[in-house]
Protein chains: 4
Amino acid sequence: MMTKRISLKETQRKERERLILDYAEKALLEKGYYDMNMDEIAMGVGVAKGTLYLHFPKKEDLVYTLVEPKMQSFLKSVEEAKALPVSPKEKLEFLLNRELSGAFFQLLMKSSPDMTTIFKSREAEVNDILPKIFSGIHDMLSEGIREGLFDPELPVEFMSSAFINLFEPHLYKEMVEVRKMPLQVFNSHLSNLFFRGIMDTKETN
Amino acid sequence: MMTKRISLKETQRKERERLILDYAEKALLEKGYYDMNMDEIAMGVGVAKGTLYLHFPKKEDLVYTLVEPKMQSFLKSVEEAKALPVSPKEKLEFLLNRELSGAFFQLLMKSSPDMTTIFKSREAEVNDILPKIFSGIHDMLSEGIREGLFDPELPVEFMSSAFINLFEPHLYKEMVEVRKMPLQVFNSHLSNLFFRGIMDTKETN
Amino acid sequence: MMTKRISLKETQRKERERLILDYAEKALLEKGYYDMNMDEIAMGVGVAKGTLYLHFPKKEDLVYTLVEPKMQSFLKSVEEAKALPVSPKEKLEFLLNRELSGAFFQLLMKSSPDMTTIFKSREAEVNDILPKIFSGIHDMLSEGIREGLFDPELPVEFMSSAFINLFEPHLYKEMVEVRKMPLQVFNSHLSNLFFRGIMDTKETN
Amino acid sequence: MMTKRISLKETQRKERERLILDYAEKALLEKGYYDMNMDEIAMGVGVAKGTLYLHFPKKEDLVYTLVEPKMQSFLKSVEEAKALPVSPKEKLEFLLNRELSGAFFQLLMKSSPDMTTIFKSREAEVNDILPKIFSGIHDMLSEGIREGLFDPELPVEFMSSAFINLFEPHLYKEMVEVRKMPLQVFNSHLSNLFFRGIMDTKETN
DNA sequence: TATGAATGAGCCTTCATTCAT
DNA sequence: TATGAATGAAGGCTCATTCAT
């Protein structure tokens, strides 16, 4: 019974935290880090300002809490992709499929000047995650080159940066959310575009 | 004589405005909209803070004045490209070559949440320029499809968004500024990647 | 039986109140009124914050409850001293001995600007106790003057303020707590210093 | 003329700063560090809150700027006293005369728990001044003992702490400000009290 | 009765903008 | 016209106090 009550409270706490994070994510995406303010979030969620600070000691922490699991999930997908017993192209396609609609968000973040502030305050943690993501992708591309699938004249860094760019949310938003292109179709277009782009075509010539 | 003096003053005024805009551009790129502040810009340019407000009534106006000519120049390039008596592919390559190193900047801006604020305050003007840019690109791509060059299965909007993404500054920065890849090489990789990606390859199969 | 249970509860209540007061006293002395906060006290005592408010409706009340018995005890000592069948000098020495190491604390309080806030909220009570303390000391000093022991040229108010100053905790802290001077020695130095200072020495000349 | 204008502005600036410091000193003495707030000071001085921050970057700095010159002036008096070609007793009397009515204030500060905060933020500077004050007084007292004037049985630290206590503002306030005892008379009572207290009286016995 | 999550007033500080000189 | 001191609205954060459980 004691346990039940505790877990009830804990549940409510998590729920509240979820509400805050959801609202904050929306605000962050719409307004950016600086234009979203703690008052407005409190209002939006329907709690007092102080309550936010029970969950997140700083504004930075709230935002980082938002971003961190997305980076983690992305990293996890990268690692799963790498471990698949398929061709590098299929691995990367798996990754695109898995992450395009969801967690790509963090990469938007990385490009925003706002995010620099946040990431600076968590440098150690960020430096633990992001490089792993990049090197995972790098590995898959290198593998593809070694196997003669991808164009050896394109530097791997070029490919990986271009690949990362695919997760940039504007294209996704425009095509899937605005123009209602089915996600499947969007994914296949995107991977076609990219893989035809990096394919080693010399044998064809 | 009167005219001369005025035009002298006017010249000085323009010069100063140039200095302010140059410094502000650097600051904006390095720190983003919120972390660049008017004090710092005044200091950096070597004028008093009040002087900034003689040139730009709001911080927003300063930044918009920064972005606007870049959009205009981009639009001009689009129109020049369209008018060239060459294939659509070559038109788009011309555009890439012309704008990659310079004015793509504005598109970074557009993606940043900060910029939303700025653009909102100038909605009318922005809505006059941006759609023309997109439709210009759209036109060249459609032309390419009609001529059987580009894959008709890829929606034009998809192609154009992907094309716009090429100007996203991260890839450029990483490859050209950090890794010192020559701009020529970078351009050719980029256009290879893109055009192989959108090429109509059915005949090849 | 009813009474017994109540008194048991009452005992526990008092015990807890004691714990709170003890912890708060330490915190108050170390950090002052504003840097000691209710969270920290609750934590330190091992009760919930709300519990503090069952005992003391305001932070001010907690602190006043701390100070008040010390003033009372000091007053009691003054009255005992007055009633002793010995010389005024010995009465005052008794008072020094009795109170130096303990309750002088409240007087530190009085000098701190923080305490002003506290005392203002309890003006009536404070005005009932402090004047009695001062007049008790005043009486002993007057008696000593009348008996030709103390210098009649020194105003009594001067003597009494100087005497009160002896309880100022800095000297005590420095000598007894930091330099480990035995309390006996400290007391005798202090009373020597004071009484030689106020002694009527004309007859010696 | 240029110079004149500059010095005029500078004069006004100093005047304003003086007003702020004066008001802040009153507030600090009346309410203590925490109960005095920047809003109230701005209001009281008749400037906007932001203006305070043109003069003092932090609340702490404002208060420290208040306290620092008083410590410096006290130190200067100590050094002047030491250099006088008179007896140690007369040196210390000179110091009492000079500082009693004015700058002793800082020592009140030192005892207040609030001040701890301020001093912590300026540890280096404070540690440069305060020890010099104490050692200067210490030297004069030691000199007096060596010359057989002061009681060699009283530890010098005891004497010096007691001497410092004389500057404690309560006695002064009560006698001079409340009871209107002339400063001269107050000083002579005080030094009588103290010096009779520490005098070496063995030869008399 | 005891708890501790929730509250919100209040404080310090920043910075775009104004305006007297 | 150019200046830069002055302004004050707005934001992040703290903490005494309340109240549902």
Side-chain angles (χ1 to χ4, degrees), chain A residues 5-6 8-10 12-13 16-17 34-43 45-62, chain B residues 9 12-13 16 33-43 46-63, chain C residues 9 12-13 16 33-43 46-62, chain D residues 5-6 8-10 12-13 16-17 33-43 45-62:
Chain A
R5 223 188 261 157
I6 283 179
L8 179 65
K9 266 199 177 169
E10 192 51 22
Q12 288 178 332
R13 189 194 151 74
R16 167 88 52 109
E17 196 155 311
Y34 284 98
D35 279 328
M36 95 192 215
N37 63 65
M38 298 301 266
D39 272 277
E40 181 225 338
I41 293 174
M43 277 271 304
V45 179
V47 297
K49 215 183 337 176
T51 304
L52 298 184
Y53 287 88
L54 293 178
H55 292 267
F56 308 101
K58 305 263 168 205
K59 190 185 179 188
E60 282 176 358
D61 295 313
L62 168 53
Chain B
K9 268 198 176 173
Q12 288 179 331
R13 191 191 148 76
R16 171 142 55 190
Y33 181 65
Y34 282 96
D35 283 331
M36 96 190 214
N37 61 63
M38 299 300 266
D39 272 272
E40 182 222 337
I41 292 174
M43 272 271 304
V47 297
K49 212 175 356 166
T51 305
L52 297 184
Y53 285 86
L54 296 177
H55 291 267
F56 309 101
K58 303 263 167 205
K59 190 185 179 187
E60 281 176 359
D61 295 314
L62 168 53
V63 172
Chain C
K9 269 200 175 170
Q12 289 178 331
R13 191 189 149 75
R16 172 140 54 188
Y33 181 66
Y34 282 95
D35 283 331
M36 96 190 214
N37 62 62
M38 300 300 267
D39 274 271
E40 184 222 338
I41 292 173
M43 273 271 303
V47 297
K49 212 176 357 167
T51 306
L52 297 184
Y53 284 84
L54 296 176
H55 291 266
F56 309 100
K58 304 263 167 203
K59 191 186 180 188
E60 282 176 356
D61 295 314
L62 167 53
Chain D
R5 227 189 260 155
I6 284 178
L8 180 64
K9 267 200 176 170
E10 190 51 23
Q12 288 178 332
R13 191 193 149 74
R16 170 87 52 109
E17 197 154 310
Y33 181 67
Y34 285 99
D35 279 329
M36 95 191 214
N37 64 65
M38 298 301 266
D39 271 276
E40 182 225 336
I41 292 175
M43 277 269 304
V45 179
V47 297
K49 220 189 327 183
T51 305
L52 298 184
Y53 287 86
L54 294 178
H55 292 267
F56 308 100
K58 304 262 167 205
K59 191 186 178 188
E60 281 177 359
D61 295 314
L62 169 52

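Computation of the quantities below employed the complete heavy-atom set of this structure, encompassing side-chain atoms and omitting hydrogens, waters and symmetry-equivalent molecules. Chain letters run A, B, ... following the sequence lines, proteins first and then strands; every chain starts at 1.
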Taking the nucleotide of DNA chain E with the closest heavy atom to each, which residue, B:D35 or C:T51, is nearer the 5' end?
-> C:T51

5′-ward residue of the pair D:P57/C:G50 relative to DNA chain E = C:G50

Which residue lies toward the 5' end of DNA chain F, C:N37 or D:L52, if each is placed at its nearest nucleotide?
-> D:L52

Going through the checks in order, is the side chain to side chain contact (heavy atoms under 4.5 Å, CB included) test met by C:Y34 and D:D35?
-> CA-CA 9 Å; C:Y34 282 95; D:D35 279 329; 2.3 Å; yes

Value in whole Å for how far the [atom2] atom of [N] lies from [atom1] of [X]:
X     : N      : atom1 : atom2 : value
D:E17 : F:dA5  : CD    : P     : 12 Å
B:M38 : F:dG4  : CE    : P     : 16 Å
D:Y34 : F:dT14 : OH    : P     : 13 Å
D:E60 : E:dC11 : CD    : P     : 17 Å
D:D39 : E:dA9  : CG    : P     : 16 Å
C:H55 : F:dA16 : NE2   : C1'   : 17 Å
A:R13 : E:dA5  : CZ    : P     : 7 Å
C:L54 : F:dC19 : CG    : P     : 14 Å

Determine the minimum heavy-atom distance between D:R13 and D:L54, stating which atoms define it.
-> NH2-O, 4.0 Å

Heavy atoms of A:K59 and A:M36 approach each other most closely as NZ-O, 2.9 Å

Under a 3.5 Å limit for both distances, which nucleotide forms a Watson-Crick or G-U wobble pair with F:dG12, could you say?
-> E:dC11

Write down the partner of E:dT21 under the Watson-Crick or G-U wobble criteria, each distance required to be under 3.5 Å.
-> F:dA2

Steps toward side chain to side chain contact (heavy atoms under 4.5 Å, CB included) verdict (D:V47, D:I41) = CA-CA 9 Å; D:V47 297; D:I41 292 175; over 6 Å; no

Of the listed E:dT3, F:dT7, E:dT7, the closest approach to the D:R16 side chain comes from F:dT7

Of all the nucleotides listed (E:dT18, E:dT14, F:dT7), which has the minimum atom distance to the side chain of D:A48?
-> F:dT7

Check whether NZ of the Lys or CZ of the Arg B:K58 lies under 6.0 Å from the centre of the six-membered ring of B:Y53 and within 45 degrees of that ring's axis.
-> no

What does C:K49 touch in the nucleic acid at a heavy-atom separation under 4.0 angstrom: a base, only the sugar-phosphate, or nothing?
-> base

